[in-house]
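Below is one structure, written out as C-alpha cells; the observations come after it.
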There are 2 protein chains.
Amino acid sequence: MAQTMQLNQDITLSAIKTACSNCNLRELCLPLGLSLQELERLDDLISTRRRIKRGEHLYRAGQQFDAIYAIRSGFFKTDVLLEDGRDQVTGFQMAGELLGLDGISTEHHTCNAIALEDSEICSIPFSRLESLSREIHTLQHHFHKVMSREIVRDHGVMMLLGTMRAEERLAAFLLNLSQRFTARGFSHAEFYLRMTREEIGSYLGLKLETVSRAFSKFQEEGYIAVQQKHIRILDVNGLKALMNHRN
Amino acid sequence: MAQTMQLNQDITLSAIKTACSNCNLRELCLPLGLSLQELERLDDLISTRRRIKRGEHLYRAGQQFDAIYAIRSGFFKTDVLLEDGRDQVTGFQMAGELLGLDGISTEHHTCNAIALEDSEICSIPFSRLESLSREIHTLQHHFHKVMSREIVRDHGVMMLLGTMRAEERLAAFLLNLSQRFTARGFSHAEFYLRMTREEIGSYLGLKLETVSRAFSKFQEEGYIAVQQKHIRILDVNGLKALMNHRN
DNA sequence: GTTTACGGTTGACATGGATCAAGCGAACGC
DNA sequence: GCGTTCGCTTGATCCATGTCAACCGTAAAC
C-alpha cells in the first residue's frame with residue numbers, strides 16, 4: 001500500500017516535471033508567449049526527457065537529425081571538427097537554450113554537443129514541432145525568432161574573433177556569461193565556469209595560456225577575482241570599458 | 001495601337017519577371033522543392049522587386065524589419081558595427097541567397113546590407129511568408145533549412161576565424177566563392193571579385209595588406225592568377241591542400 | 001588629355017599572441 | 001593518506017600578422 005502510493009507520486013511528479021507548462025524556464029525557452037491551451041499542446045510533443053552525464057555527448061557530428069533539444073538543467077558546449085584534427089568550440093549553452101538547430105539544414109548534425117556538467121534535456125521531435133507550429137502562430141514566430149537570434153549571436157562571435165584582441169574577447173565572454181546567468185536568476189557577479197581554459201580559448205580563438213594570462217591581468221587590474229573556475233566580477237564597468245576602446 | 005501593344009508586352013514581361021515560377025534561380029532560392037501550384041501562391045507574395053545601385057544600402061542596422069530579401073541579381077555584403085567604430089563584414093551574398101534573416105529576432109535589422117554591384121532584389125514580406133508557410137509544409141521546411149544553413153555557414157566562418165592562419169583563410173574563401181559561382185552556372189575557375197581587399201580582410205579577420213600578400217604568394221606558387229579583381233584558379237587541389245594541413 | 005583619387009602591392013619594422021617549458025595546486029583514485 | 005593526473009599559471013622566446021610608409025596602376029573626374 002505504502003509502495004503503491006510512492007509509485008503514484010513518482011508518476012505524478014514525473015508528469016509535472018516533463019511538462020513545459022510547469023517548467024520554470026518557459027519564459028526563456030521555446031514556450032515563450034504561448035497561451036495556456038497552446039502550452040498544453042506543446043507538452044504533448046515533449047515526451048522524452050533525458051539525463052546526460054558530464055562528458056557525455058548529446059549528439060555527434062554526422063548523426064541523423066530528428067529532434068532539437070531544450071536544456072532543462074546543466075551546461076553544454078558545441079564544437080566542430082576539421083578533417084586535420086583541429087576543432088573549435090562554437091558555443092556554450094545553458095538552461096532554457098536550444099541545441100541542434102544546425103542539424104535542420106542537412107538532416108544531420110554538423111557539430112558535437114557535449115555536457116560540461118550533469119544535465120537534463122527535453123527532446124523535441126522536429127517534424128512534430130513543424131506540424132504544431134503550422135497550427136500555432138505564436139509558436140511558429142517564436143521559433144523563427146530563436147533561430148534568428150542564433151544567427152545574430154554568431155555574428156557577434158564573428159565580430160569578436162575578427163576584430164577584438166585577446167583581453168577584449170575574454171571581457172566580452174565574461175560579460176556575456178554574467179548576463180545570461182542574471183537572466184536565469186543567478187548572481188551576475190559571481191559564478192563557476194563549467195569549462196576549462198582550453199575550451200574558453202578554443203571558443204575565443206586563443207590558446208589556453210593567453211586566456212590564463214588575461215585572467216591574471218584582469219585580477220591584477222581589480223576587474224575580477226579568479227580562483228580556478230570561481231569568478232567574481234568586481235568591476236563590470238572596467239570590463240566594459242576595456243571592450244569599447246581601441247587599444 | 002503600336003503603343004498599346006508595347007504597353008501590354010511590358011506588363012507581361014514585368015509579370016513574368018517578378019514571378020518565382022519563372023525565375024531561373026528557383027532551385028537555389030526560397031521556392032526550392034515547391035510544386036507548381038505552391039509556386040504560384042508564393043508568386044502572389046513577392047510583389048515588389050527593387051533595384052539597388054552599387055554602394056547603396058538595402059537596409060541598415062537598426063531599421064525596422066518587415067521583409068526578407070532574395071537576391072535576384074547582383075552581389076551584396078553585410079556588415080556589423082561596434083560602438084567604437086570597428087566594423088566587420090559578416091558575409092557576401094549572391095543571386096539566389098536570402099538577406100535579412102538576422103532581423104527576425106528583434107524585429108530590427110542588426111547589420112547593414114550594401115550592394116557591391118548594381119543589383120535587383122525581391123522583397124518577401126515576412127508575416128505573409130509565415131502565413132504561407134503555415135499552409136505549405138514544403139515551404140515551411142525549406143525556410144527552416146535555409147535558416148539552419150545560415151547557422152552552419154556562420155560556424156564555418158567561426159572555425160575559419162578561430163583556427164586558421166591567413167593563407168588558409170584566403171584559400172577557404174576563394175574555394176567557397178568558386179563553389180558558389182559554379183552552383184550558379186558560372187566558371188568555377190575564373191571570376192571577378194566584387195569586393196575590395198579591405199572588405200575581404202574584414203570578412204577574414206585580416207588586414208588588407210595581409211590579404212594582398214597572400215594573393216601574391218598564391219600567384220607565386222602557381223595556385224592562382226590574380227590581376228586586380230580578376231581571379232583565375234589554376235590549381236584547386238593546391239589550394240585545398242593548403243587548408244588541410246597544419247602549417 | 002591631364003589630374004586626382006582610390007585600390008592594390010611591397011618593404012621595413014613592431015608586437016600580440018603562440019609556442020615551449022617548468023612548476024604548482026586541487027581533485028580524484030587507490 | 002598518498003600519489004597521480006589534470007588543469008592552471010608563469011616565464012622566455014619566436015613568429016605571423018599588424019602597422020607604417022612609399023609607390024604604382026587604373027579608373028574616374030575635370
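All heavy atoms count here, side chains included; hydrogens, waters and symmetry mates do not. The chains referred to below are lettered A, B, ... by the order of the sequence lines, with proteins before strands, and numbering in each begins at 1.
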Next item on the list: Name all residues meeting the side chain to side chain contact (heavy atoms under 4.5 Å, CB included) criterion together with B/Glu198; count only those two or more places apart in sequence or in a different chain, and write none if there are none.
Entry: B/Thr196, B/Leu208
Margin query: Using 0.5 Å steps for rounding, measure from the NE2 atom of B/His108 to the CZ atom of B/Phe65.
Written below: 11.0 Å
Note to self: Quick check: closest heavy atoms across A/Ile233 and A/His188, and the distance to 0.1 Å?
What the structure shows: CD1-O, 4.0 Å
Next item on the list: Pick base, sugar-phosphate or nothing for A/Gly205, based on heavy-atom distances below 4.0 Å to the nucleic acid.
Entry: sugar-phosphate
Next item on the list: Dump the intermediate steps for salt bridge (charged side-chain N to carboxylate O under 4.0 Å, His left out) on B/Glu83 and A/Lys240, then the final yes or no.
Entry: CA-CA 12 Å; B/Glu83 311 78 62; A/Lys240 282 185 184 160; over 6 Å; no
Sort me out a list of protein N/O and nucleotides 7-11 of chain D N/O pairs below 3.5 Å, or just none if empty.
{"residue": "D/dC8", "atom": "OP2", "partner": "A/Arg197", "partner atom": "N", "Å": "2.7"}
{"residue": "D/dT9", "atom": "OP1", "partner": "A/Arg197", "partner atom": "NH2", "Å": "3.2"}
{"residue": "D/dT9", "atom": "OP2", "partner": "A/Arg197", "partner atom": "NE", "Å": "2.8"}
{"residue": "D/dT9", "atom": "OP2", "partner": "A/Ser212", "partner atom": "OG", "Å": "2.7"}
{"residue": "D/dT9", "atom": "O5'", "partner": "A/Ser212", "partner atom": "OG", "Å": "3.1"}
{"residue": "D/dT10", "atom": "OP2", "partner": "A/Ser216", "partner atom": "OG", "Å": "2.5"}
{"residue": "D/dG11", "atom": "N7", "partner": "A/Arg213", "partner atom": "NH1", "Å": "2.9"}
{"residue": "D/dG11", "atom": "O6", "partner": "A/Arg213", "partner atom": "NH2", "Å": "3.1"}

Next item on the list: If the plane angle is over 60° it's perpendicular, under 30° parallel, otherwise tilted; pick one for A/Phe75 and A/Phe92.
Entry: tilted
Checklist line | Spacing between B/Leu206 atom CG and D/dT19 atom P, to the nearest angstrom | finding: 11 Å
Note to self: Rounded to the nearest 0.5 Å, what separates atom CG in A/Asp102 from atom SG in A/Cys111?
What the structure shows: 4.0 Å
Note to self: Show every side-chain hydrogen bond (donor to acceptor under 3.5 Å, both in side chains) that has at least one partner inside residues 147-159 of chain A, sequence neighbours left out.
What the structure shows: A/Glu150-A/Arg153, A/Arg153-A/Tyr203
Checklist line | Residue list, side chain to side chain donor-acceptor pair (under 3.5 Å) with B/Gln228, at least two apart or on another chain | finding: none
Check: Out of B/Glu120, B/Glu56, B/Glu117, which one pairs with B/Arg51 under the salt bridge (charged side-chain N to carboxylate O under 4.0 Å, His left out) rule?
Finding: B/Glu120
Margin query: Looking at A/Arg50, I'd like to know if its CZ atom is crowded, meaning that more than 12 non-hydrogen atoms belonging to other residues, nucleotides or ligands lie closer than 6.0 Å.
Written below: yes
Checklist line | Axial bend angle, the helix from C/dG1-D/dC30 to C/dC30-D/dG1: five-pair end segments, nearest 10° | finding: 50°
Check: Could you give the CZ-to-C1' distance, from A/Arg165 to D/dT17, as a whole number of Å?
Finding: 12 Å
Note to self: Output the rounded distance in Å from CE (B/Met164) to C1' (D/dT17).
What the structure shows: 17 Å
Distances for protein N/O vs nucleotides 28-30 of chain C N/O pairs under 3.5 angstrom?
none

Notebook entry, point to check: NZ of B/Lys217 versus C1' of D/dA16: gap in Å, rounded?
Noted result: 12 Å
